[in-house]
Undergrad: 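Below is one structure. I have some questions about it.
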Amino acid sequence: MLERSRSAVWSRGFYLLLAAVVSVLYGVPRVGAQAERVTPITAPAAALPDENASSGVTKYSFIAYGDTRGRRDGVALQYEHSLIVDSMLKQIKQLQNTEYPVRFILQSGDAVQHGQNAKEWNVSFTPLIDRLTTEGGVSYFLAPGNHDVSHAATMDAPERKEPLKNYLDAVSALIPPDGSPHRLARYPAFSFGYGNTFVVGFDANIAGDQKQFEWVKSQLEGVDQRRYVNVIVFCHQAPFSSGPHGGPEVEPPTVELRNKYMPLFRAHHVRAVFSGHEHLFEHWVEHYTDASGRHRMDLIVSGGGGAPIYTYTGEPKLEEYLKANEPSKVELQHLVKPSVDAGLNPYHYLLVRVDGEHLDMQVISVDWGKGFEPYRSNKVGLKDE
């Protein structure tokens with residue numbers, strides 16, 4: 001009897017130890033333990049002012065980047081991302097007393113490796129963003145990536161429940177709350193206006209979701225373009241890219257973006273779309289014609305925020321897209337292509353300067369990639385010469 005008792009104790013101890021190891025390695029809560037909650041990112045002391053209060057602002061800067069997930073998420077701070085944050089804080093400080101202070105940051109998704117693991121947010125990501133909102137004093141907006149909320153294509157998919165909750169907890173003090181006219185309730189889709197610019201962020205993982213599409217459509221239809229001369233969109237997946245998620249392969253969200261969202265963006269003269277998903281930098285330009293004349297939309301992929309670097313895999317197949325949009329005389333230019341050499345696709349972020357209707361952009365690289373000049377410099381105007 002004593003031997004059986006010892007065996008039972010040993011067996012129970014072994015399985016408790018095994019459960020603890022699994023919990024540490026994979027972020028699975030131990031039986032009987034309270035699950036860890038994601039700590040909200042700290043809001044800046046001086047958030048963006050009410051839209052009416054900033055109506056006269058026509059000069060400032062903002063930052064865009066994406067894909068910050070790191071190899072040691074849940075164990076340590078994201079090292080490569082920390083280099084980006086250090087550089088951003090330096091830029092914010094340098095510009096704070098100029099005509100073009102940095103007012104907000106757009107992150108296009110994949111904050112962490114496993115969005116369902118609260119420890120990855122709390123240990124590896126949130127402390128870095130707290131530096132940007134507290135030391136930098138700027139507003140921070142995060143669109144969800146597939147690693148944040150899963151690959152599921154529908155809003156109510158079971159595998160989205162826990163990671164979506166973690167995402168919403170993380171950004172709860174940063175994005176408009178449920179009930180706001182600038183938020184689709186319970187969705188990671190939101191908008192805001194600052195100065196002469198209106199910004200819409202949405203969940204491209206579920207780009208086929210009709211409710212979200214109708215909400216984005218309503219936001220763009222409601223824009224006063226006499227005031228908001230610059231309309232900006234950001235999301236995780238890109239309509240066009242040439243890395244492992246693009247090239248000759250067409251993922252379902254990309255199909256939805258091309259077929260549903262791109263005509264919508266043209267109809268409302270969106271100036272620029274910032275995306276990630278590909279861990280590299282590339283720049284596309286779409287020209288199109290409507291009743292008001294010829295227009296330009298810049299489509300910029302910036303996924304160099306710290307995730308493992310990707311490389312060029314080939315041009316996407318565009319024949320079907322171009323044929324479907326012949327009435328709008330759509331033309332696409334691949335202005336900057338990424339390299340087939342990972343060492344030439346550096347970690348980076350984008351500094352966008354707003355000067356009335358004029359947008360200029362710098363690609364700022366860090367670490368071994370310093371000196372990256374994709375335009376024979378690191379600067380470009382988002383306009384036709």
Undergrad: Give a yes or no on whether a salt bridge exists between E319 and K323, defined as a side-chain N under 4.0 angstrom from a carboxylate O.
TA: no
Undergrad: Is any side-chain N of the basic residue among E282 and K337 closer than 4.0 Å to the acidic one's carboxylate O?
TA: no
Undergrad: Is the shortest side-chain N to carboxylate O distance from D178 to R183 below 4.0 Å?
TA: yes
Undergrad: Between D209 and K211, does at least one N-O distance fall below 4.0 Å, as a salt bridge requires?
TA: no
Undergrad: Can the ring centroids of H81 and Y347 be said to lie less than 6.0 angstrom from one another?
TA: no
Undergrad: Kindly indicate, with the supporting measurements, whether the criterion side chain to side chain donor-acceptor pair (under 3.5 Å) is fulfilled by N378 and H348.
TA: CA-CA 11 Å; N378 73 327; H348 70 276; over 6 Å; no
Undergrad: State which residues pass salt bridge (charged side-chain N to carboxylate O under 4.0 Å, His left out) with R266; sequence neighbours excluded, sorted by chain then number.
TA: E286
Undergrad: Do the charged groups of R160 and D148 touch, with an N to O distance under 4.0 Å?
TA: no
Undergrad: Are R353 and Y100 in a cation-pi setup, meaning NZ or CZ lies under 6.0 angstrom from the ring centre and within 45 degrees of the ring axis?
TA: yes
Undergrad: Just to verify, which of Q78, Q113, H114 counts as forming a side-chain hydrogen bond (donor to acceptor under 3.5 Å, both in side chains) with D73?
TA: Q78
Undergrad: Do E249 and K317 sit within salt-bridge range, that is, some charged N less than 4.0 Å from a carboxylate O?
TA: no
Undergrad: Y228 and ring pair (Phe, Tyr, Trp, His ring centres under 6.0 Å): which partner among F192, F198, Y194?
TA: F198
